[in-house]
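Below, chains carry the letters A, B, ... as their sequence lines are ordered, and counting in each starts from 1. Note that this is a predicted model, so its numbers are computed, not measured.
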Amino acid sequence: MKLRVLFFGAFAERRQERECELQVRKAMSLTDLLVHLDFDVGTPVVLAVNCQVVNDYKMTLADGDEVAVMPIFSGG
Amino acid sequence: MSQVRIQHEDFSVQDEVDVLRQVSRKIGGIASFLGCARDFSEGREILSIAFEQYTAMALGAMQQLREEAMERFDIIEVRLIHRVATVLPGEQIVLIVVGAEHRAPAFDACRWIIDELKQRVPIWKKEATSDGELWVSQHP
C-alpha cells in the first residue's frame, strides 16, 4: 500500500523534506510508521490521519492514507 | 467574508465587530480576544514571527471550534481569524469575536475558543530573535 506522509515545522526542517511517499508491503500502525521514520519515542508529536488527529497509535493505516507528523501546535 | 478564516493579510477588528453586530438584534454583548506579536519571549528580543500551517486541517479545525462553541455556549455568533503572514512585534495575529445576548457567555466562549485553538489547530510559530530563529513550543 501507499502512504503519503507530511512533515511540518521543526520536523520538516530536521528531515529536510515536507512530505514523502512510502510503499509498504504489510499492515502498518502509526507506531510502526514512527519507528520507520526514526522518530525517538520521547519526541512530543501530534499525528493526524486524513486531517483527523489520532491518539491511538495502534491504529492500522490504509492504502492512500495521508499521515501528518506534527510538532505540538503553537498558533494563536 | 467568511466567519472563519486563515489569511495572510491583516484584518480590521472594527470591521469584524460591525459584521458580527449585524447578524442579530438580539446581540447585547460582544467579547473579543486579539492576539498580537510581542517584542520579547523567554528573554529574547523578537524581530518577527513567521507561521506555518497544515492548511487542509487547520481551517476545518477552526470551523469545528466555531460550531462547538455555538453548541456549548449560549451565544449567537462567532468570528475567528488567524493570520499566517510574517508579522512584526505589535502586529495582529489572531482575532476571536463572540456575540451573545449577555456578556457572560460571550466572555466564556471567547476564552474557551482561544484555549482550544492553541491545542487543536495545526499552526506553528517560528520566531526570528536576536539569537537566531527558533520554533516556538506551546505557550500557556
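- Proximity to chain B (any heavy atom under 4.5 Å) is restricted, for A:A48, to the side chain, taken from C-beta onward.
- The aromatic rings of B:W124 and A:F8 lie parallel to each other, their planes meeting at an angle below 30°, with 60° marking the opposite boundary.
- The hydrophobic cluster containing A:L33 also contains A:V45, counting ILVMFWY residues as joined when their side-chain heavy atoms lie under 4.5 angstrom apart, directly or transitively.
- Considering all non-hydrogen atoms of both residues, B:Y54 and A:C51 come closest at OH-SG, 3.6 Å.
- Hydrophobic clustering (ILVMFWY, side-chain heavy atoms < 4.5 Å, transitive): B:I81 and B:I113 are in distinct clusters.
- Both B:M70 and B:I96 sit in one connected hydrophobic cluster of ILVMFWY residues. Membership requires side-chain heavy atoms under 4.5 Å apart, directly or through other members.
- Counting non-hydrogen atoms of neighbouring residues, nucleotides and ligands closer than 6.0 angstrom, the CG atom of B:D74 reaches no more than 12 such neighbours.
- Following chains of ILVMFWY side-chain contacts shorter than 4.5 Å, one cannot reach B:V136 starting from A:F11, and the two form parts of different hydrophobic clusters.
- Considering B:E52, B:K118, B:K125 in turn, B:K125 is the only one that fulfils the side chain to side chain contact (heavy atoms under 4.5 Å, CB included) rule with A:S74.
- Proximity to chain A (any heavy atom under 4.5 Å) is restricted, for B:R120, to the backbone atoms N, CA, C and O.
- Remark: A:F39 CZ is packed, more than 12 non-hydrogen atoms of other residues, nucleotides or ligands lying under 6.0 Å away.
- If you measure heavy-atom distances from A:P71 to chain B, the contacts under 4.5 Å come from both the backbone and the side chain.
- B:H82 places a side-chain N or O within 3.5 Å of a backbone atom of A:G76 that can act as its donor or acceptor partner.
- Using a 4.5 Å heavy-atom threshold, the side chains of A:Q52 and B:M57 count as separate.
- Both A:M70 and B:W135 belong to a single network of hydrophobic side chains, linked directly or stepwise wherever heavy atoms of I, L, V, M, F, W or Y lie under 4.5 Å apart.
- Residues B:I123 and A:F73 are not in side-chain contact: their nearest non-hydrogen atoms beyond the backbone lie 4.5 Å or more apart.
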